[in-house]
Amino acid sequence: PIIGILTIPSEYPDLYPPSKYSYFAQSYVTYLEAAGARVVPIQFDISPQNLTILLNKLNGVLFTGGDTNIYDKNGNLNQFGKTMSAIVDYVFQVNRNGTYFPLWGTCLGFQMIATLVSQKKDILVTVSGGYNISKPIFYYPNAYNTRILSSMPTQQQLDSQRYNLSAFYHAGTVLLSDWSSNPYLAGNFTPVAFTLDNSGKPYVCLIESKQYPIYGSQFHPEKNHLEWRLYRNTNHTYNAVQLSQYFANFFVNETRKNNRTFPDLQKYIIYNYNAVPVAESSFNAIYIFKNLNYTSSCDDEVGQPELLYY
């Protein structure tokens with residue numbers, strides 16, 4: 001399968017100013033490749049027309065982690081937010097029309113899917129004990145019937161709840177209460193797993209859509225076997241790597257469930273780019289992309305969530 005990864009505006013202004021470059025970490029690519037997929041970058045400033053053309057050739061999409069926002073200072077979706085919103089709209093629409101098209105959001109991707117679907121710009125709240133830490137995740141009693149857990153071995157379910165296997169690198173999240181009280185989140189998503197903040201208060205860290213193959217994790221499954229910065233508290237034990245690989249295998253297998261083809265793949269595939277190390281980065285290496293310089297106006301149509309999501 002061919003999976004698109006959405007780039008995010010550069011977070012390395014000294015070397016790669018965000019007005020000129022976007023990026024994502026090499027680990028996301030290797031994570032998907034290790035499960036049998038190939039990757040095509042989706043540049044965040046792609047035009048709506050070219051975005052649709054590209055999406056129609058993909059088997060699924062991954063939203064990465066990062067430290068950026070989807071809104072500008074006036075509270076309108078910025079270019080990154082508009083492209084992300086358009087992709088979320090697309091995923092809901094094509095699944096509704098009968099094409100099985102998976103989407104996964106990791107960390108920032110998880111948060112932004114929740115923000116867009118909830119139609120609540122300020123839904124994220126600060127949480128303690130979520131940055132640079134590995135900790136257990138705990139499954140809700142009704143979660144064992146979900147797609148995402150249906151093939152996880154029992155021992156792996158136990159180990160992931162018993163040991164500090166999952167890597168968290170976030171400051172904000174969605175309150176547990178919002179997953180049940182917000183009609184768009186409650187109507188569309190099943191909380192699968194939670195973890196605990198520093199005070200012992202639970203918050204949701206793994207979700208799946210009730211109807212469609214849409215998933216999100218507040219933790220970073222790709223880091224366990226692929227990121228090795230020494231100051232990062234990522235678990236690299238056998239059990240942690242196996243859990244990471246489980247989630248990669250699960251998502252990539254989901255993308256195998258549609259029969260789309262990509263005739264001109266060689267023009268777009270990630271092999272056309274070289275990953276580069278950046279000293280101040282938290283990643284081993286990153287892919288850098290020159291911006292396409294497409295910028296839509298704030299008045300452009302970005303979808304109608306109330307029609308698509310609920």
Asks: Examine distances only and state if a side-chain atom of Ser244 and a backbone atom of Ala240 form a donor-acceptor pair shorter than 3.5 Å.
Replies: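 Side chain of Ser244 to backbone of Ala240, a donor-acceptor pair under 3.5 Å: no, none is there.
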Asks: Would you compute the distance between atom CD1 of Ile270 and atom CG of Leu265 and round it to the nearest 0.5 angstrom?
Replies: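 Result: 11.0 Å between the selected atoms.
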Asks: Does Asn182 use its side chain to pair, donor to acceptor, with the backbone of Tyr184 at less than 3.5 Å?
Replies: yes
Asks: How are the rings of Phe194 and Phe138 set to each other: parallel, tilted or perpendicular (split at 30° and 60°)?
Replies: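 Ring orientation of Phe194 relative to Phe138: tilted.
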Asks: Can you tell if the side chain of Thr106 reaches within under 4.5 Å of the side chain of Thr64, non-hydrogen atoms only?
Replies: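 When only atoms from C-beta onward are counted, Thr64 and Thr106 do not touch, as no gap falls below 4.5 Å.
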Asks: Under 3.5 Å, side chain of Arg229 to main-chain N/O of Thr234, donor-acceptor pair present?
Replies: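 Looks like no, no N/O pair under 3.5 Å.
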Asks: How far apart are the C-alpha atoms of Asp264 and Lys57, what are their side-chain angles, what is the distance that settles it, and do they pass the side-chain contact (heavy atoms from CB on, under 4.5 Å) test?
Replies: CA-CA 9 Å; Asp264 52 346; Lys57 294 184 282 189; 3.0 Å; yes
Asks: Within the distance-only criterion (no hydrogens, no angle test), does the side chain of Lys121 pair as donor or acceptor with the backbone N or O of Gly75 below 3.5 angstrom?
Replies: yes
Asks: Work out which heavy atom in Pro1 is nearest to a heavy atom in Gly36; give both atom names and the distance.
Replies: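 Scanning both residues completely, I find the closest heavy atoms to be CD-O, 3.6 Å.
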Asks: Does Asp197 use its side chain to pair, donor to acceptor, with the backbone of Gly130 at less than 3.5 Å?
Replies: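 Not at all, since once roles are kept as given, no pair shorter than 3.5 Å links the two residues.
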Asks: Looking at Gly172, is its backbone amide N or carbonyl O close enough to the side chain of His170 to form a donor-acceptor pair, meaning the two atoms are under 3.5 Å apart?
Replies: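 Present.
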Asks: Would you please indicate yes or no on a ring centroid separation below 6.0 angstrom for Phe250 and Tyr215?
Replies: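 Yes, the ring centres sit under 6.0 Å apart.
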Asks: Short question: side chain of Arg232, backbone of Phe283 - any donor-acceptor pair under 3.5 Å?
Replies: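 Side chain of Arg232 to backbone of Phe283: no pair is present.
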Asks: In terms of heavy-atom contacts, does CG of Asn259 have more than 12 from other residues, nucleotides or ligands at under 6.0 Å?
Replies: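 12 or below, so no.
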Asks: Among the clusters formed by ILVMFWY side chains lying less than 4.5 Å apart, do Tyr212 and Tyr90 turn up in the same one?
Replies: yes
Asks: Can you say whether the rings of Tyr203 and Phe168 are parallel (under 30°), tilted (30 to 60°) or perpendicular (over 60°)?
Replies: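 Perpendicular: the ring planes of Tyr203 and Phe168 meet at over 60°.
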Asks: OG1 of Thr146 to CD of Glu208: how many Å apart, nearest 0.5 Å?
Replies: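 Thr146 OG1 to Glu208 CD: 4.5 Å, rounded to 0.5 Å.
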Asks: Without swapping roles, check the side chain of His225 against the backbone of Gln242 for a donor-acceptor pair under 3.5 Å.
Replies: no
Asks: Give a yes or no on whether the ring-centroid distance for Phe247 and Phe219 is below 6.0 angstrom.
Replies: yes
Asks: Under the criterion side-chain contact (heavy atoms from CB on, under 4.5 Å), I'd like the reasoning laid out for Tyr140 against Val204: C-alpha separation, chi angles, the key distance, then a yes or no.
Replies: CA-CA 10 Å; Tyr140 289 101; Val204 175; 3.7 Å; yes
Asks: Group every Ile, Leu, Val, Met, Phe, Trp and Tyr by side-chain heavy-atom contacts under 4.5 Å, then state whether Val127 and Val125 land in the same group.
Replies: no
Asks: So, taking the atom named CG in Leu6 and the one named CZ in Phe63, what distance separates them when rounded to the nearest 0.5 Å?
Replies: 5.5 Å
Asks: Are Leu15 and Ile288 linked, directly or through other ILVMFWY residues, by side chains that come within less than 4.5 angstrom of each other?
Replies: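 The answer is yes; both residues are in one hydrophobic cluster.
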Asks: Hey, any chance Leu54 and Phe101 share a hydrophobic cluster, counting ILVMFWY side chains that come within less than 4.5 Å of each other, even indirectly?
Replies: yes
Asks: Check this for me: Lys210, atom NZ, are more than 12 non-hydrogen atoms of other residues, nucleotides or ligands nearer than 6.0 Å?
Replies: yes
Asks: Going by ring pair (Phe, Tyr, Trp, His ring centres under 6.0 Å), name the residues that satisfy it together with Tyr16, two or more places apart in sequence or in a different chain.
Replies: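 Counting only residues at least two positions away or on another chain, Tyr16 forms a ring pair (Phe, Tyr, Trp, His ring centres under 6.0 Å) with Tyr21.
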Asks: Quick one, Gln111 and Val174 - any side-chain contact, counting heavy atoms below 4.5 Å?
Replies: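 Of all side-chain heavy-atom pairs linking Val174 with Gln111, none is under 4.5 Å.
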Asks: Please tell me whether Ile53 and Val94 are part of a single hydrophobic cluster in this structure, the criterion being side-chain heavy atoms less than 4.5 Å apart.
Replies: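 Different clusters.
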Asks: Can you check whether Leu292's main-chain N or O pairs, donor with acceptor, with Asp45's side chain at less than 3.5 Å?
Replies: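 Pair found, side chain donor or acceptor close to backbone of Leu292.
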Asks: Once you measure the plane-to-plane angle for Tyr169 and Tyr131, does it fall in the parallel (<30°), tilted (30-60°) or perpendicular (>60°) bin?
Replies: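 Because their plane-to-plane angle is over 60°, the rings of Tyr169 and Tyr131 count as perpendicular.
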Asks: Quick check on Lys20: does its NZ atom have over 12 non-hydrogen neighbours (other residues, nucleotides or ligands) under 6.0 Å away?
Replies: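 Count not over threshold, so no.
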Asks: Could you give the distance from CD1 (Ile46) to CZ (Phe289), rounded to the nearest 0.5 Å?
Replies: 12.0 Å
Asks: For Asn224 and Ser166, indicate whether the former's side chain and the latter's backbone hold a donor-acceptor pair under 3.5 Å.
Replies: no
Asks: Work out which heavy atom in His220 is nearest to a heavy atom in Gly65; give both atom names and the distance.
Replies: CE1-CA, 4.1 Å
Asks: Does Asn50 CG have over 12 foreign heavy atoms under 6.0 Å away?
Replies: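 Enclosed.
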